Amino acid sequence: MYGGGNTFEGIKTDSLAQEDPQKLAAFEARIARGEKIEPTDWMPQLYRKQLIRMIEQHAHSEIIGALPEGTWITRAPGFKRKMALMAKVQDEVGHAQLLYSAAETLGKSREEMINDLISGRSKYSNVFNYPTFTWADCCFISWLVDAGAIVNQLANAKGSYGPYCRALDRICAEESFHLKYGHHCVIYLASGTPHQREMFQEALNRWWTPMMHFFGPSDKISAHTEILMRWKVKMGTNDEMRNQFLDMYVPKIWELGFTIPDPALKKDPATGKWAYTEPDWEEFKRVINGDGPCNKERLAVRRVAEERGRWVREALKSPKMNYVTPLA
Amino acid sequence: MKSLDPRVQRLPEELPPLQPKAPLDQFGSFEVFVQPKEGKPFQHEGIVHAPSLELAFVLAKEAFTRRFTCTSLYVTDTRNVMVSPTTEGNQNAYDLIPSVTEHQGGEPFEVYHLMKRGKQHLHAGTVEANSHEEAFSKAKAAFGSKQVFNVWVVRRSDIRFTRPEEQDLWLTLPEKKFRDASDYKGGDKLKEFLERQSSKS
Ligand SMILES: [Fe+2]
Ligand SMILES: [Fe+2]
Ligand SMILES: [Fe+2]
């Protein structure tokens, strides 16, 4: 899963100055025609850099996103929920594998990406730096964070880079189970005892701000992304994606009789746009820069897993094998 | 560190020093091809990293056929795939492949085409050749009339195929329904809940 709140590198106005104008024009024309870019095609450096960054952040988010939900596998209520949650977490780690491979076709090796994750140099979705206190928090992630991820992933699957789109097609197919499972869990809490309802209401209160953050800073304050949209790296602005999410899921949350902790939240029937209170963007910045409730433990778990697996990787290594950039 | 995560409780008191991963830590690269249904051509699905061809096969099964229908799968070392230039528009990739003097016989090579940009490479057929260059040349003679954007050839003996006795890899248990969206019908429960709510008010 993944938020659109990815951080792109600042685009300098002279970023394209060194590119061959003819090749650049052909590249842009191909994207405008709706054709995909393949790994061996010519592409501007900026396109390569931003794509690596985005796909890599997406892959890291799948890996780290497996942690807050994975915590609940042993405590999920009943055998069936445990099996389903285990299958879901396995899928998320599988998504990371597919995404790392797609990013590798652009020339960054998997070792480098994992190094950058555990050293804190690369980012991942902010939402996973919050704790899952109760089973209801876990259900919130399975249903609504995955729903947000699906909104982003379906949009990105129409992007311009072939290997990323192909990975996303597979991922989206698997996500349909996550979404249904998550909704099912929440319906059970909603129609259960008053205490179960209260548990989910509290989870909703805790997660609403991170959920609003999930799609990234408001268009009013986020860096300009025109060129990324033209190149179909980014398929919608942060506010557009957030609006799409609200439009699809707020009615479903209300239907279950829960209260979303934002009195300003309402849809303007004339424009189809949702009005809401801007979440605290200072908190977003703080958490993405490492100072959230769980940043340290998430990275520590990853780092120790790397260390503990090192001897296995070393024992298996063969001098005949060679890392090469994958083909497609 | 105080946390709800049992994994965090198991962390050492002090974290190990941060060691960058050694190069090749993620092993070699292998290309994965999957046959989604009986009678369909094999298609390229992606890659895995593995320390050997045999383990690549096992990991590919897990990564690419865990949740999708599959009748057969094979893998080959990325270095064994010979790749043509990629074309666009009306240009046929075969037009950029030089014809070489062909000899009789040889061993089988598998040929793959990119029929549409953005899609997977599909298995097109087999040619007998004595080298990758000759395989390209013979593929051009056999399939070159079709417009394709990219061609791959792989020597058959470099491929790890699914063996007939391994077909049962994909016989999944019927009780694995819990991984299907169709197994989560919350509709009745939801309706019942909504009716209860409206009768209360
Ligand atoms: Fe995912
Ligand atoms: Fe997810
Ligand atoms: Fe998911």
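Remember, predicted model here, so these are calculated numbers, not experimental data. Chain letters run A, B, ... following the sequence lines, proteins first, then strands; residues in each count from 1.
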- Verify, without hydrogens or angle tests, whether A:Arg206 (side chain) and A:Thr132 (backbone) share a donor-acceptor contact under 3.5 angstrom. no
- Message: On the six-membered ring of A:Phe79, is A:Lys82 placed so that its NZ or CZ lies under 6.0 angstrom from the centre and within 45° of the ring axis?
- Response: no
Could you tell me which portion of [X] (side chain, backbone, both or neither) has an atom closer than 4.5 angstrom to a non-hydrogen atom of chain A?
| X | answer |
| --- | --- |
| B:Lys185 | backbone |
| B:Glu88 | side chain |
| B:Pro85 | neither |
| B:Asp77 | side chain |
| B:Leu55 | side chain |
| B:Leu194 | side chain |
| B:Phe30 | side chain |

Modelled atom types, side-chain donor and acceptor of [X] and [Y], under 3.5 Å:
| X | Y | result |
| --- | --- | --- |
| B:His113 | B:Tyr94 | yes |
| B:Ser84 | B:Asn150 | yes |
| A:Ser109 | A:Glu111 | yes |
| A:Ser191 | B:Arg196 | no |
| B:Asn130 | B:His103 | no |
| A:Arg81 | A:His184 | yes |
| B:His49 | A:Glu104 | yes |

- Note on the structure: Note: A:Tyr130 and A:Arg298 closest approach over all heavy atoms is O-NH2, 3.1 Å
- B:His44 versus B:Gln120, closest heavy-atom pair with distance: O-CG, 2.7 Å
Need one label for [X]: side chain, backbone, both or neither, based on atoms under 4.5 Å from any heavy atom in chain B.
| X | result |
| --- | --- |
| A:Thr40 | side chain |
| A:Phe133 | both |
| A:Leu67 | both |
| A:Asp41 | side chain |
| A:Arg30 | side chain |

With respect to chain B, which residue among [options] yields the maximal number of heavy-atom pairs within a distance under 4.5 Å?
| options | answer |
| --- | --- |
| A:Thr325, A:Leu256, A:Thr74, A:Thr105 | A:Leu256 |
| A:Cys294, A:Gly162, A:Ser101, A:Pro293 | A:Ser101 |
| A:Met83, A:Glu255, A:Arg170 | A:Arg170 |
| A:Glu112, A:Glu38, A:Glu35, A:Glu174 | A:Glu174 |
| A:Arg308, A:Arg33, A:Arg303 | A:Arg303 |
| A:Arg166, A:Lys180, A:Gln97 | A:Arg166 |

Do you know which of [options] has the most heavy-atom pairs under 4.5 Å to chain A?
| options | result |
| --- | --- |
| B:Phe193, B:Trp152, B:Phe149 | B:Phe193 |
| B:Val48, B:Leu190, B:Thr86, B:Leu114 | B:Leu190 |
| B:Lys119, B:Glu31, B:His121, B:Arg117 | B:Arg117 |

- List the steps, then state whether side-chain hydrogen bond (donor to acceptor under 3.5 Å, both in side chains) holds for B:Glu110 with B:Tyr74. CA-CA 12 Å; B:Glu110 305 300 342; B:Tyr74 56 73; 5.6 Å; no
- Message: Below 30° counts as parallel, above 60° as perpendicular, anything between as tilted: where do the rings of A:Phe200 and A:Phe258 land?
- Response: tilted
